[in-house]
Protein chains: 2
Amino acid sequence: MSSAARILLERLFPAGLEDLRARVEEIHLPVGQTVFRRGDPCRNYLLVVQGSVRVQVLAANGREITLYRVCDGQSCVITTSCLISVESYPAEGVAEVETTALVVPQPVFDQALGDSAEFRRFVFANQGQRLGDLIQRVEDVVFGRIDVRLARLLMTLSEQGVKSIAITHQQLASELGSAREVISRQLKQFAGRGWVGIGRGAIEVKATAALDELARQSG
Amino acid sequence: MSSAARILLERLFPAGLEDLRARVEEIHLPVGQTVFRRGDPCRNYLLVVQGSVRVQVLAANGREITLYRVCDGQSCVITTSCLISVESYPAEGVAEVETTALVVPQPVFDQALGDSAEFRRFVFANQGQRLGDLIQRVEDVVFGRIDVRLARLLMTLSEQGVKSIAITHQQLASELGSAREVISRQLKQFAGRGWVGIGRGAIEVKATAALDELARQSG
DNA sequence: AAAGCGCAGTGACAATGTCACACAGGTGCA
DNA sequence: TGCACCTGTGTGACATTGTCACTGCGCTTT
């Protein structure tokens, strides 16, 4: 077991609950691995130690939208909720990068909820953040303009001075729940204004200030 | 305290937790009362005994969308999550009808989570259902056609043989996160096919079968 | 009756999504 | 080298949905 996993375990299952720790397994997910599918029953509590799981919904016609990501030290709300309410997954999860996760079997999860205030706090805090993300997503999708949302996404992706983003138009569209053609046109418009440069499978962010201003708009 | 409230309390705080019951208050919310606003901090756990609270998001331009409802014997996910993760409300809640609710102060909530497995199960089950609703809502909004969504809504509202629905076009639009004009046009189209009758502030559902077929479509 | 208000109808237009293609840059292979 | 093939992108025409600016209708208040 990795040291990061051990630290997390010790935090969530403090002294007195050592027996629970032993029943938690660590797994490694390769890139692109599906963690859970829509309609799957839910038997374990999943906890990402290191990596990233993208949670998305797919439409019949091939369109898709990313709901949120579960990153280092976070857990998946859907898993949590389904585990207790005994419903099946309403979305699917895919490992975006090589990911290390802890698998907590349902009985251990149940017991830990009762016995560890720390564990409860962790589970609920995660719930709150994910739920907030989700509501924000609904708001964006229903009321937001696509140019503003795309600008926001580009700003997020180019954080920390990264100016060249390796991503296809289709991936951007999936992220926003839009269509590739729409994204292509918007990017062309951005490029026309000199805000970005477009290459095959890559976007170069040039006018951070202009994009940022657009991203800050209410729409 | 109402008898319904007492029954709920006894279920969630079983024998041994009588002291917690005493610290829970019952409140009555008049129609239209705002229960919580966007940005409000969250200090109590709210539990609807009888009535209905609509949880919605408002846009700057006046458009709005209903995320879900909290009905008899249910609790609000947002409240639950915010309570623990100490975030502020990302949406707002309004009592749709006169509503009776239990107010559980945060310390009582915290203690009950640790001491009552029944309470935990209740809280999590509610979380799961509301989260499922929310994901379904995202899916509908992003991928769904407005005619299908409207047909679904009409079928839901006319359940149990109620054929005449007292509702305005604006209210239907708010429910679906669409615009009044769009709904008016769709209804006109439905009316043209003889599926519904339109009156001022009321819709009469005539062709249940046809609407139902449309409602079942994937889009 | 007149004014005011909430509700609904409508046409023109803007924004976004859909469809059916064309084309360009790689990669692998004959 | 040249060709088939795949993925990613560009584009025009069109459908659907949202926005805006009005109009009119029915009801209540003045």
Side-chain angles (χ1 to χ4, degrees), chain A residues 32 57-65 137-154 164-192 196-204 214 217-219, chain B residues 32 57-65 137-154 164-192 196-204 214 217-219:
Chain A
V57 179
L58 306 179
N61 64 357
R63 268 174 71 196
E64 55 184 272
I65 181 168
R137 193 73 35 144
V138 173
E139 223 181 308
D140 285 355
V141 164
V142 179
F143 307 129
R145 278 173 15 206
I146 199 69
D147 54 349
V148 174
R149 296 172 57 213
L150 179 56
R152 258 180 220 156
L153 180 55
L154 291 177
S164 189
I165 311 168
I167 195 168
T168 67
H169 298 184
Q170 179 58 63
Q171 286 174 305
L172 290 168
S174 297
E175 198 68 27
L176 298 177
S178 178
R180 177 189 60 79
E181 296 92 321
V182 175
I183 301 301
S184 290
R185 276 176 209 140
Q186 279 302 329
L187 284 174
K188 189 182 161 191
Q189 211 186 316
F190 287 175
V196 302
I198 303 182
R200 189 186 171 82
I203 312 283
E204 186 199 355
L214 181 58
Q217 289 208 342
S218 67
Chain B
V57 178
L58 305 180
N61 63 356
R63 270 175 68 197
E64 54 185 272
I65 181 167
R137 192 77 32 147
V138 173
E139 224 181 309
D140 284 355
V141 165
V142 180
F143 307 129
R145 279 177 8 211
I146 198 71
D147 55 349
V148 174
R149 295 172 59 212
L150 179 56
R152 258 181 220 156
L153 181 54
L154 291 177
S164 189
I165 311 168
I167 195 168
T168 67
H169 297 186
Q170 179 57 62
Q171 286 175 305
L172 291 168
S174 296
E175 197 68 27
L176 298 177
S178 178
R180 177 188 61 80
E181 296 93 321
V182 175
I183 301 300
S184 290
R185 275 176 213 140
Q186 280 302 327
L187 285 173
K188 188 182 164 193
Q189 211 187 315
F190 287 176
V196 302
I198 303 182
R200 189 184 171 82
I203 312 282
E204 187 200 353
L214 181 57
Q217 290 206 345
S218 67

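Numbered from 1 within each chain, the chains take letters A, B, ... in sequence-line order. All of these numbers come straight from a predicted model, not from anything done at the bench.
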Would you kindly give the [atom1]-to-[atom2] distance between [X] and [N], to the nearest whole Å?
X: His169(B); N: dT10(C); atom1: NE2; atom2: C1'; value: 14 Å
X: Phe143(A); N: dG18(D); atom1: CZ; atom2: C1'; value: 12 Å
X: Ile183(A); N: dG10(D); atom1: CD1; atom2: P; value: 12 Å
X: Asp147(B); N: dT16(D); atom1: CG; atom2: P; value: 9 Å
X: Asn61(B); N: dG18(D); atom1: CG; atom2: P; value: 11 Å

Proximal nucleotide (of [options]) relative to the [X] side chain:
X: Gln186(B); options: dT9(D), dT11(D), dT17(D); value: dT17(D)
X: Val182(A); options: dG9(C), dT18(C), dG10(D); value: dT18(C)
X: Thr168(B); options: dC7(C), dG8(D), dG9(C); value: dC7(C)
X: Ser178(B); options: dG18(D), dT9(D), dG9(C); value: dG18(D)

Open item on the list: Can you tell me how far apart CD1 (Ile146(B)) and CZ (Arg185(B)) are? Round to the nearest 0.5 Å.
Closed with: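 Reported value, rounded in 0.5 Å steps: 11.5 Å.
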
Task: From CD1 (Ile65(A)) to CG (Asp140(A)), nearest 0.5 Å - done: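 Spacing of CD1 (Ile65(A)) from CG (Asp140(A)) equals 8.5 Å.
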
Closest heavy-atom contact between [X] and [Y]?
X: Val196(A); Y: Leu187(A); answer: CG2-O, 3.9 Å
X: Ala173(B); Y: Ala179(B); answer: CB-C, 3.6 Å
X: Leu58(A); Y: Phe143(B); answer: C-CE1, 4.3 Å

TODO: Output yes when at least one side-chain N/O atom of Lys188(B) is less than 4.0 Å from OP1 or OP2 of dT10(C), else no.
DONE: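 Checking dT10(C) against Lys188(B), a side-chain N or O does come within under 4.0 Å of OP1 or OP2.
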
Open item on the list: Nearest heavy atom decides the nucleotide; on that basis, is Val142(B) or Arg200(A) closer to the 5' end of DNA chain C?
Closed with: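 Going by which nucleotide is closer to the 5' end, it is Val142(B).
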
Task: First encountered from the 5' end of DNA chain D, between Glu181(A) and Gly177(B) - done: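 So the residue in question is Glu181(A).
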
Task: Arg185(B) (side chain) and dG11(C) (base): donor-acceptor pair under 3.5 Å - done: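 When only heavy-atom distances are counted, Arg185(B) does reach the base of dG11(C) through a donor-acceptor pair under 3.5 Å.
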
TODO: Decide yes or no, distance alone: a donor-acceptor N/O pair under 3.5 angstrom between the base of dG17(C) and the side-chain of Arg180(A).
DONE: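 Side chain to base: no pair present.
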
Open item on the list: Once you apply a heavy-atom cut-off of 4.0 Å, does Arg63(A) come out as touching a base, just sugar-phosphate, or nothing?
Closed with: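 Sugar-phosphate, no base atom in range.
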
